[in-house]
Protein chains: 2
Amino acid sequence: MSYQKAEEALRKADIRITRIRREILAVLYELGHPVSHGDISSEEQLRNFDRVTLYRNLNLLLEKGLVHGVLGTDGSWRYCAHPKDVEGCPGRHPHFLCMECGRMFCLPDQAIPFVEVPSDFEVAGKQFVIYGRCAECRNKGKDTEK
Amino acid sequence: MSYQKAEEALRKADIRITRIRREILAVLYELGHPVSHGDISSEEQLRNFDRVTLYRNLNLLLEKGLVHGVLGTDGSWRYCAHPKDVEGCPGRHPHFLCMECGRMFCLPDQAIPFVEVPSDFEVAGKQFVIYGRCAECRNKGKDTEK
DNA sequence: CCATCATCTGCAACTCTGTTGCATTATGAT
DNA sequence: ATCATAATGCAACAGAGTTGCAGATGATGG
Ligand SMILES: [Mn+2]
Ligand SMILES: [Mn+2]
Ligand SMILES: [Zn+2]
Ligand SMILES: [Zn+2]
């Protein structure tokens with residue numbers, strides 16, 4: 001079960017262990033791909049928590065680096081955590097967003113490429129989102145396409 | 001003046017020439033870096049148009065490829081057009097967002113790097129945003145930094 | 001140069017994502 | 001078990017962007 005991993009991560013990050021935090025991390029570990037606030041809140045285990053509390057905890061987990069966040073080109077954030085990322089989950093890889101089903105996929109095998117910025121600029125982070133249609137949605141389309 | 005360029009581009013894209021469209025394009029051509037709806041709407045020449053009309057026209061110009069859009073990690077879109085991009089302005093380059101002043105900069109000298117996606121996915125586009133602090137904001141900070 | 005009709009504009013209302021303030025409740029250290 | 005501190009729930013708010021519709025505007029053909 002992912003609860004062990006979740007508690008371990010929370011302890012390591014030195015933040016209080018509460019039910020919602022355990023559940024959020026467990027859900028993200030199981031799913032393994034970035035999901036929106038809405039997706040998370042409709043998971044069985046999280047359905048009864050207040051949406052604000054969910055937002056606040058997602059932000060906390062982001063700050064503490066237990067979760068990484070990706071802003072989709074649809075304008076909403078996805079949250080993702082991989083249990084294997086021992087030292088937090090920096091998410092330094094590109095992501096793919098399917099604009100038909102709204103699912104987001106990590107492309108973890110390649111690092112976000114280096115890009116030159118003016119030398120007097122200070123880089124805090126990067127987001128690389130590729131958007132289009134996922135395999136599943138392409139297949140569904142094939143019947144209907146004229 | 002950029003009005004010539006603007007009208008030319010509108011004619012080429014085969015959309016009606018209206019005052020707001022001419023003004024939007026002229027403003028974007030002059031500024032030459034991505035700006036938000038809010039920035040545009042507070043430009044002298046555009047201050048008296050309705051914000052909805054501005055949104056609708058920005059979307060039209062995006063669709064027609066006369067303008068490129070970049071979603072900042074602050075969650076709002078910036079719009080940009082370079083007059084030299086004769087065949088529309090695809091914006092296929094990374095952008096830098098200063099999280100202090102909110103300004104966005106094109107990094108036009110480098111293409112958005114190629115990234116492998118699963119072969120059965122269909123790529124429609126990419127967004128590569130680097131965020132941090134611009135040179136100007138770093139300098140301003142130096143006085144105040146303890 | 002005017003009539004016509006498609007298109008564009010302005011206004012009001014709305015949606016969606018995310019945030020803030022505050023009173024109440026749970027957590028964990030003692 | 002006690003208590004201070006931190007987390008939660010609820011209501012209200014904020015900002016970006018969209019939709020529906022009535023009335024104005026611009027391209028076109030006579
Ligand atoms: Mn990821
Ligand atoms: Mn650009
Ligand atoms: Zn899909
Ligand atoms: Zn700046």
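Residue numbers begin at 1 in each chain, while the letters A, B, ... track the order of the sequences.
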Consider only side-chain N and O atoms of B/E30 and B/S2, and report whether a donor and an acceptor are under 3.5 Å apart.
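Their side chains do contain a donor-acceptor pair, which is all the 3.5 Å distance test asks for.
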Taking only residues two or more places apart in sequence, or in another chain, which ones meet B/F105 in a ring pair (Phe, Tyr, Trp, His ring centres under 6.0 Å)?
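B/F105 satisfies ring pair (Phe, Tyr, Trp, His ring centres under 6.0 Å) with A/F121 once adjacent residues are dropped.
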For the pair A/H33 (side chain) and A/M104 (backbone), establish whether a donor and an acceptor sit closer than 3.5 Å, ignoring hydrogens and angles.
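Looks like yes, one N/O pair under 3.5 Å.
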Are the side chain of B/E43 and the backbone N or O of B/V27 linked by a donor-acceptor pair below 3.5 Å?
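The answer is no, because no donor-acceptor pair under 3.5 Å joins these two groups.
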Could you tell me the boundaries of the chain B footprint on DNA chain D, defined by atoms under 4.0 Å from its heavy atoms?
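The contact span of chain B on DNA chain D goes from D/dA16 to D/dA27.
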Quantified as the angle between the terminal helix axes (five pairs each), what is the overall bend of the helix from C/dC1-D/dG30 to C/dT30-D/dA1 to 10 degrees?
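Answer for the end axes of this duplex: 40°.
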Applying side chain to side chain donor-acceptor pair (under 3.5 Å), can you list everything that pairs with [X], at least two apart in sequence or on another chain?
| X | result |
| --- | --- |
| B/T18 | none |
| B/Q110 | none |
| A/S36 | A/D39 |
| A/R47 | A/E44 |

Between B/E100 and B/R138, does any side-chain N to carboxylate O distance fall below 4.0 Å?
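No, this pair does not count.
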Side chains of residues 112-120 of chain A: which donor-acceptor pairs under 3.5 Å do they make with residues two or more places apart or in other chains?
none

Taking CG from B/N48 and C1' from C/dC8, how many angstroms apart are they, rounded to a whole number?
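That distance rounds to 17 Å.
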Applying side-chain contact (heavy atoms from CB on, under 4.5 Å), name anything that partners B/S42, two or more places apart in sequence or on another chain.
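Applying side-chain contact (heavy atoms from CB on, under 4.5 Å) to B/S42 gives none.
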For B/R51, give me all partners under side-chain contact (heavy atoms from CB on, under 4.5 Å), at least two apart in sequence or on another chain.
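Per chain and number, B/R51 pairs via side-chain contact (heavy atoms from CB on, under 4.5 Å) with B/H37, B/Y55.
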Summarise how protein sits on nucleotides 21-30 of chain C as a single string, 5' to 3': B when a protein heavy atom is under 4.0 Å from the base, S for sugar-phosphate-only contact, - for no contact.
B-----BS--
With 3.5 Å as the limit, what N/O pairs link the protein to nucleotides 14-18 of chain C?
unit_1 : atom_1 : unit_2 : atom_2 : d
C/dG18 : OP1    : A/W77  : N      : 3.0
C/dG18 : OP2    : A/Y55  : OH     : 3.0
C/dG18 : N7     : A/R51  : NH1    : 3.4
C/dG18 : N7     : A/R51  : NH2    : 3.4
C/dG18 : O6     : A/R51  : NH2    : 2.7

